K.L.:
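Please find one structure pasted underneath; my questions will follow.
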Amino acid sequence: MIMEKRYYWMKFRSDFFESKRIKKLRKMAGGDTYVIIYLKMQLKALRTDGILEFTGVEENFADELALDIDESPEDVRIVLTYLLNYG
């Protein structure tokens, strides 16, 4: 069985790293890791029309997402809280 490779395109604004929200996130302790987590979340959502799903494998969404993207649950919780607070 041959698996077909799929490629996705993700558009970023040219000022992505210059936006105040991303600058603020990067300035936090661990901020560079948080930006990477945010980018991993976006890449994951590409395959599901922009939706990150909770299947109940873990106790909560943050823990399940952390498992999915191979990041620490605490770091994922921080990013999710930041995103909810700052859009």
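Computed from a prediction, not measured in an experiment: that's the story for all the values here.
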K.L.:
Of all residues at least two apart in sequence or in a different chain, which pass the salt bridge (Lys or Arg N to Asp or Glu O under 4.0 Å) check with Glu53?
P.N.:
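Partners of Glu53 by the salt bridge (Lys or Arg N to Asp or Glu O under 4.0 Å) criterion come out as none, since no residue qualifies.
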K.L.:
Could you work out the complete set of other residues in the hydrophobic cluster of Ile51, with links drawn between I, L, V, M, F, W and Y side chains under 4.5 Å apart?
P.N.:
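Besides Ile51, the cluster holds no residue at all.
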K.L.:
Are Leu80 and Leu39 co-members of a hydrophobic cluster defined by side-chain heavy atoms under 4.5 Å apart?
P.N.:
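Yes, it is one cluster - the side chains of Leu39 and Leu80 are joined through contacts under 4.5 Å.
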K.L.:
If hydrophobic clusters are built from ILVMFWY residues whose side chains come within less than 4.5 Å, do Ile36 and Met41 share one?
P.N.:
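Cluster IDs for Ile36 and Met41 differ.
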K.L.:
With a 4.5 Å cut-off on side-chain heavy-atom distances among I, L, V, M, F, W and Y, is there a chain of contacts connecting Leu67 to Leu43?
P.N.:
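No, it is not one cluster - the side chains of Leu67 and Leu43 are not joined through contacts under 4.5 Å.
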K.L.:
Got a sec, which residues hit salt bridge (Lys or Arg N to Asp or Glu O under 4.0 Å) with Asp63, two or more places apart in sequence or on another chain?
P.N.:
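If we apply the salt bridge (Lys or Arg N to Asp or Glu O under 4.0 Å) test to Asp63, skipping adjacent residues, the hits are Arg77.
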K.L.:
Out of Val35, Leu83, Ile37, which residue meets the side chain to side chain contact (heavy atoms under 4.5 Å, CB included) rule with Leu25?
P.N.:
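That would be Val35; it is the only one of Val35, Leu83, Ile37 passing the side chain to side chain contact (heavy atoms under 4.5 Å, CB included) with Leu25.
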K.L.:
Applying side-chain contact (heavy atoms from CB on, under 4.5 Å), can you list everything that pairs with Asp15, at least two apart in sequence or on another chain?
P.N.:
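Asp15 satisfies side-chain contact (heavy atoms from CB on, under 4.5 Å) with Arg13, Glu18 only.
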K.L.:
Is any side-chain heavy atom of Val76 closer than 4.5 Å to one of Phe61?
P.N.:
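In short, these two side chains do not touch, never coming nearer than 4.5 Å.
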K.L.:
Identify the heavy atoms of Thr33 and Glu71 that sit nearest to each other, and give their distance.
P.N.:
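Closest pair (atom of Thr33, atom of Glu71, distance): CG2-OE1, 4.2 Å.
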K.L.:
Taking salt bridge (charged side-chain N to carboxylate O under 4.0 Å, His left out) as the cut-off, I'd like each qualifying pair that reaches into residues 78-87, sequence neighbours left out, listed once.
P.N.:
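Listed by first then second residue: nothing to list.
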K.L.:
With sequence neighbours left out, what residues match Arg21 under side chain to side chain donor-acceptor pair (under 3.5 Å)?
P.N.:
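Not a single residue meets the side chain to side chain donor-acceptor pair (under 3.5 Å) criterion with Arg21.
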K.L.:
Taking the side chain as every heavy atom from C-beta outward, state whether Glu58 and Leu65 have any pair of such atoms under 4.5 Å apart.
P.N.:
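When only atoms from C-beta onward are counted, Leu65 and Glu58 do not touch, as no gap falls below 4.5 Å.
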K.L.:
Applying side chain to side chain donor-acceptor pair (under 3.5 Å), name anything that partners Ser72, two or more places apart in sequence or on another chain.
P.N.:
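By the side chain to side chain donor-acceptor pair (under 3.5 Å) rule, Ser72 matches Asp75.
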K.L.:
Applying ring pair (Phe, Tyr, Trp, His ring centres under 6.0 Å), can you list everything that pairs with Tyr86, at least two apart in sequence or on another chain?
P.N.:
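Scan of Tyr86 (ring pair (Phe, Tyr, Trp, His ring centres under 6.0 Å), adjacent residues dropped) gives Tyr82.
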K.L.:
Could I get the full list of side chain to side chain donor-acceptor pair (under 3.5 Å) partners for Gln42, not counting sequence neighbours?
P.N.:
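Side chain to side chain donor-acceptor pair (under 3.5 Å) check on Gln42 returns Tyr38.
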K.L.:
Could you work out, with ring pair (Phe, Tyr, Trp, His ring centres under 6.0 Å) as the rule, every residue matching Phe16, not counting sequence neighbours?
P.N.:
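Counting only residues at least two positions away or on another chain, Phe16 forms a ring pair (Phe, Tyr, Trp, His ring centres under 6.0 Å) with Phe12.
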K.L.:
Of all residues at least two apart in sequence or in a different chain, which pass the side-chain contact (heavy atoms from CB on, under 4.5 Å) check with Lys44?
P.N.:
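Testing Lys44 for side-chain contact (heavy atoms from CB on, under 4.5 Å), a comparison that skips the adjacent residues, returns Arg47, Leu52, Asp68, Ile69.
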K.L.:
For Asp32, which of Arg26, Lys27, Lys23 qualifies under salt bridge (Lys or Arg N to Asp or Glu O under 4.0 Å)?
P.N.:
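Among Arg26, Lys27, Lys23, the one that satisfies the salt bridge (Lys or Arg N to Asp or Glu O under 4.0 Å) with Asp32 is Arg26.
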K.L.:
The criterion is salt bridge (Lys or Arg N to Asp or Glu O under 4.0 Å); which residues satisfy it with Glu64, sequence neighbours excluded?
P.N.:
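For Glu64, no residue satisfies salt bridge (Lys or Arg N to Asp or Glu O under 4.0 Å) once neighbours in sequence are set aside.
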